[in-house]
Amino acid sequence: MEKTMNLTLKVWRQKNAATDGQFVEYPLKDVSEDSSFLEMLDILNEELVEQGKEPVAFDHDCREGICGTCSMTINGTAHGPQRATTACQLHMRHFHDGQTITIEPWRAKPFPVMKDLIVDRTPFDRIMQAGGFITGRAGSAVEANAMPIPKGTADYAMDAAACIGCGACVAACPNASAMLFTAAKVAHMNSLPQGKPEKDRRALAMVTTMDGEGFGGCTNIGECEAVCPKEISLDMIAQLNRDYAAAQVKSFFKAV
Amino acid sequence: MSSPFCNFIRSTIGRKILMALTGLVLVLFVMGHMLGNLQIFLGAEVINAYAYQLHYELPTAALWGIRLFLLACVAVHIWAAVSLTLDNKRARPDSYAAEKPVQATYASRTMRISGVILLAFIIFHIAHYTARVVPGMQYEEPGVLSPTEVPLVKGGEMVLKDGQPVMTFNVNDMMVAGFQVWWVSAFYIIATGLLCMHLAHGVSSMFQTVGLRNKIWRKRLDLVALAYGWVVFIGFAVIPLAVLTGLLQMDPTGGLGEEVAAITETIQK
Ligand code: HEM
Ligand code: FES
C-alpha cells in the first residue's frame with residue numbers, strides 16, 4: 001500500500017530581485033512517499049493556484065537529473081539529504097510524516113534571487129565563455145580512432161564532464177566559491193588532447209572570470225563535493241590549482 | 001597593476017597558494033622550535049647551551065635574517081587569510097535558515113578563529129620570551145630570580161675563554177619562571193591546542209592548495225595532519241605541564257650542580 005505523509009513546508013518567498021523575501025509556512029497533506037520532491041512542490045502549487053495564491057517559482061527542466069536546472073536548498077543541504085541526487089530525483093520516501101521541510105534558494109552573492117527559489121546563474125555562463133571550449137574546428141564528429149586517448153584519461157575527462165552546472169557547489173560552500181564547477185570544466189578540457197593546447201590560457205581566463213564574478217575562494221573543506229549530484233571530486237580542484245599555478249609560472253617567465 | 005605577479009596575488013588561488021607556502025614554512029619552523037624547546041628535559045645546561053648557540057654562535061645577521069623571514073611569512077599568511085576571508089564573506093552574505101555542514105570538520109570551519117587566537121599568542125609569546133617586556137613578568141626582577149647569567153656548559157665542562165668562564169643567559173629558569181605563572185601556562189596550552197586544530201586541517205589543506213593531493217593522498221594526508229597537530233600539541237604542552245607539576249625546576253646554577261655553583265659564586269663576587 002502506498003504510504004502518505006503530512007508535511008509542513010517552510011518556503012522562501014520573494015517577489016523579485018529588488019524586494020526582500022521571507023519564509024512562508026504551508027501545510028501539505030497526503031503526500032505520497034513515491035512522489036519526487038518537485039512533484040510534491042507541484043501539488044503545493046496546484047493548491048496555491050486553487051486558493052488564488054501565487055505559486056512557488058522554482059527552476060526545473062529535465063526532472064531526470066541531467067540538466068542541472070533544479071536548484072534548491074532543502075533543510076540546509078543543496079539538493080537535499082540524498083547523496084549524489086538532484087532535487088528532481090529526490091523522493092519523498094527520504095522524509096517522514098509530520099516533518100517540517102525548509103526550502104531555500106541557493107544563497108550566494110553572484111547568484112541573486114530572481115523570484116522565490118529561482119536564482120540567476122548566468123555567472124557560470126560567463127566562466128564558460130572565458131575558456132570552457134576549444135577553438136579548434138568543430139565540424140562533424142571525427143572518426144573515433146583518429147585520436148587515441150588512453151582509457152584512464154577518457155574516464156577522468158568523462159567524470160569531469162558529468163558536471164551539470166547546477167550550482168550546488170556554490171550553494172553549499174560557506175564562501176560561495178565556484179571552484180568545483182570551474183575545476184570540473186578545466187579538468188575536462190585540459191586533460192584531453194583537443195583541449196591541451198589551450199590549457200594555460202583556459203586556466204588563467206576561467207579563474208580570472210570566476211574571481212571577477214564575485215565568487216569566494218576555496219578553503220578546502222569539501223562541502224561542494226559532498227553535495228554535488230554528479231560527485232565531482234576535490235581531485236579536480238587540486239588539478240585546477242596545479243594547472244593555474246603552472247600557467248602563472250609560465251607567464252612570469254615567458255619570453256619577452 | 002596587471003603584471004603576471006599582480007594577477008597572481010590578486011586571484012583567490014594565488015593568495016591561497018601564498019597562504020599554503022607561508023604555512024609550510026611555519027609548519028616546519030614549529031617542529032624545529034618544539035624539538036629545540038624539548039631539550040629543557042635534558043637539563044638546564046643543555047637548553048642554555050642551545051640558546052647560546054642560536055644567539056651567539058650563529059652569526060647575528062643569520063639570526064635576524066631567519067627572524068625577519070619568519071615574521072614576513074606570518075605577515076603574508078595573515079594578509080592572505082584576511083583578504084580572502086573578506087572576499088569570502090562578501091561572496092556569501094546570507095546564510096541558510098537551516099545552515100548545517102554535511103561533512104566539513106570542526107577544525108576546517110574554525111581556521112579563522114584558531115588563526116586569530118594564534119596571532120594573539122604569537123605576539124604575547126614574542127613579548128614574553130623573546131623581547132621579555134611583559135610587565136610583572138620580567139625575569140630579572142629581584143626576588144623572582146637571582147643570577148640571570150650562568151656559565152656556559154658543554155659536555156659537562158664549563159666553557160672557558162681567556163681563563164674566564166663564558167657566561168650565558170639562564171633560559172631554563174626563564175622558561176620555568178614564566179610557566180609558574182598559571183595563566184601563562186594556561187594560555188600557552190590553549191594556544192598550542194588551537195595550533196593542533198589549525199594544523200589538523202592546514203597540513204593536509206596546503207597540499208590540496210598547491211595541487212599535490214588526490215583521493216588516496218587526501219586520506220593519508222588528513223591522518224598525517226592530525227598526527228602532526230597532536231605531536232606538536234603534546235611536544236609544546238608538556239613543558240608548562242612539567243613546570244606546573246614541579247617536574248621541571250629552576251636551577252640558578254645553570255645545571256652545574258652544587259660544588260661548581262660555589263665556584264661560580266666566587267667568580268661572580
Ligand atoms: C598568525 C595567525 C594565523 C592566522 C590568522 C592564520 C589563518 C589562517 C587561515 C584563515 C587559513 C586558511 C584556512 C582555510 O583556507 O580553510 C590558514 C591556513 C593555514 N595555516 Fe594559518 N593562520 C595563522 C597562523 C598559522 C601558524 C602559526 C601556522 C603554522 C604553524 C599556520 C599554518 C597554516 C597552514 C599549513 C594552512 C593551510 C594552508 C592551506 O590551506 O593551503 N597558520 N591559516
Ligand atoms: S531538473 Fe534537470 S537536473 Fe533536476
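If you're wondering where the values come from, they're calculated on a predicted model, not measured in any experiment. Chain naming here is simple, since letters A, B, ... match the order of the sequence lines and numbering starts at 1 in each. For the numbers below, each heavy atom of this structure counts, side chains included, while hydrogens, waters and symmetry mates do not.
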Peer 1: Of all the heavy-atom pairs spanning B:V102 and A:A226, show the shortest one and how long it is.
Peer 2: CG1-CB, 4.0 Å
Peer 1: Could you check whether any side-chain N or O of A:E223 sits under 3.5 Å from a backbone N or O of B:Q103, counting only pairs where one atom can act as donor and the other as acceptor?
Peer 2: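 Yes.
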Peer 1: Heavy-atom distances under 4.5 Å only: say whether B:R90 touches chain A with side chain, backbone, both or neither.
Peer 2: backbone
Peer 1: Can a side-chain donor-acceptor contact be found between A:N220 and B:T209 if the only test is distance below 3.5 angstrom?
Peer 2: yes
Peer 1: Given that the side chain runs from C-beta out, which part of B:P101 has a heavy atom under 4.5 Å from chain A: side chain, backbone, both or neither?
Peer 2: both
Peer 1: Calculate, to the nearest 0.5 Å, the distance between atoms CD1 and CG belonging to B:I13 and A:D211 respectively.
Peer 2: 7.0 Å
Peer 1: Please round to the nearest 0.5 Å and tell me the distance separating atom CG of B:L212 and atom CZ of A:R242.
Peer 2: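 With rounding to 0.5 Å, CG (B:L212) is 7.0 Å from CZ (A:R242).
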Peer 1: Can you check whether B:K215's main-chain N or O pairs, donor with acceptor, with A:D235's side chain at less than 3.5 Å?
Peer 2: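 The answer is yes, because a donor-acceptor pair under 3.5 Å joins these two groups.
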Peer 1: Checking the side chain of B:D87 only, and the main-chain atoms of A:G217 only, is there a donor and an acceptor separated by less than 3.5 Å?
Peer 2: no
Peer 1: Hey, is the main chain of A:R107 close enough, under 3.5 Å, to the side chain of B:R92 for a donor-acceptor pair?
Peer 2: yes
Peer 1: With a 4.5 angstrom heavy-atom cut-off, could you sort out which part of B:R218 is near chain A: side chain, backbone, both or neither?
Peer 2: side chain
Peer 1: Would you mind checking which part of B:S204 comes under 4.5 Å of any heavy atom in chain A, side chain (CB onward), backbone (N, CA, C, O), both or neither?
Peer 2: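 No part of B:S204 comes within 4.5 Å of chain A.
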Peer 1: Does any backbone or side-chain atom of A:E225 lie under 4.5 Å from a heavy atom of chain B? Answer side chain, backbone, both or neither.
Peer 2: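 Only the side chain of A:E225 comes within 4.5 Å of chain B.
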Peer 1: Between A:F252 and B:F5, what is the ring plane arrangement, given parallel below 30°, perpendicular above 60°, and tilted in between?
Peer 2: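 Tilted.
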